[in-house]
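Take a look at the structure below.
The first residue in the sequence is number 1, and the count goes up from there. Heavy-atom basis, side chains included; hydrogens, waters and symmetry copies ignored.
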Amino acid sequence: MAIDQLKAFLSELQKNQKLLNAIRIAATANEIAEIAWEFGYQFSGDELKAASKENIAGLKIKKQDTSPSYSFGESGIDPNEEHYKSAN
């Protein structure tokens, strides 16, 4: 990977509000890499994640919990459902 590309991208983030806003809504490292590509920087999402382990100043990858969450109980029935209340 071209660490220089990533460092240049990080430097650009500090002065380019449009780029910063674009990556703020990105959910994955791959999405960030795609946005970076559009701005002329070439690295993959996997390379971005690998670089985050190298302690590069200004680079911090936050792992997001993307598992689905449901308000259902263990039975899979929402106790707030009208059908559930009338069945009991």
Side-chain angles (χ1 to χ4, degrees):
M1 171 174 120
I3 292 289
D4 292 339
Q5 284 283 304
L6 184 54
K7 288 181 178 179
F9 174 71
L10 294 173
S11 177
E12 182 69 21
L13 278 175
Q14 294 176 352
K15 51 189 169 177
N16 187 330
Q17 190 65 38
K18 182 178 176 184
L19 177 58
L20 183 60
N21 289 339
I23 69 157
R24 282 187 176 157
I25 60 171
T28 67
N30 286 337
E31 288 178 8
I32 291 172
E34 288 174 16
I35 293 166
W37 184 272
E38 292 172 13
F39 282 82
Y41 300 95
Q42 299 176 0
F43 53 86
S44 70
D46 287 337
E47 291 171 324
L48 179 59
K49 288 188 280 188
S52 71
K53 297 174 185 170
E54 295 181 23
N55 268 346
I56 296 174
L59 176 63
K60 182 176 181 176
I61 302 291
K62 292 191 283 185
K63 187 169 183 165
Q64 296 179 351
D65 180 11
T66 58
S67 60
S69 62
Y70 302 98
S71 61
F72 302 121
E74 289 181 24
S75 66
I77 298 172
D78 184 349
N80 296 317
E81 291 268 337
E82 195 62 39
H83 297 292
Y84 177 79
K85 290 178 183 175
S86 63
N88 285 330

Practice task
With rounding to the nearest 0.5 Å, note down the distance linking CD1 in I23 to CZ in F39.
Solution key: 10.0 Å
Problem - Shortest non-hydrogen contact between A33 and S44, atoms and distance - result: CB-C, 3.6 Å
Exercise for the section: Kindly give the heavy-atom pair with the smallest separation between I35 and A26, and that separation in Å. Expected result: CD1-CB, 4.1 Å
Handout entry: Distance in Å, I32 CD1 paired with I25 CD1, rounded so as to fall on 0.5 Å steps
Key = 11.0 Å
Exercise for the section: In plain terms, say whether D46 and K49 are close enough for a salt bridge, that is, a side-chain N and a carboxylate O under 4.0 Å apart. Expected result: yes
Practice task
Determine yes or no for a side-chain-to-main-chain donor-acceptor pair under 3.5 angstrom, with Q5 supplying the side chain and F43 the backbone.
Solution key: no
Practice task
Hey, could you give me the CZ/CG distance between R24 and L19, rounded to the nearest 0.5 Å?
Solution key: 10.5 Å
Practice task
Rounded to the nearest 0.5 Å, what's the gap from CG on L20 to CD on E12? Could you check?
Solution key: 11.0 Å
Practice task
Decide whether Q17 and N21 meet the rule of one side-chain donor and one side-chain acceptor closer than 3.5 Å.
Solution key: yes
Completion exercise
To the nearest 0.5 Å, atom CD of Q42 lies from atom CG of L6 at 13.0 Å
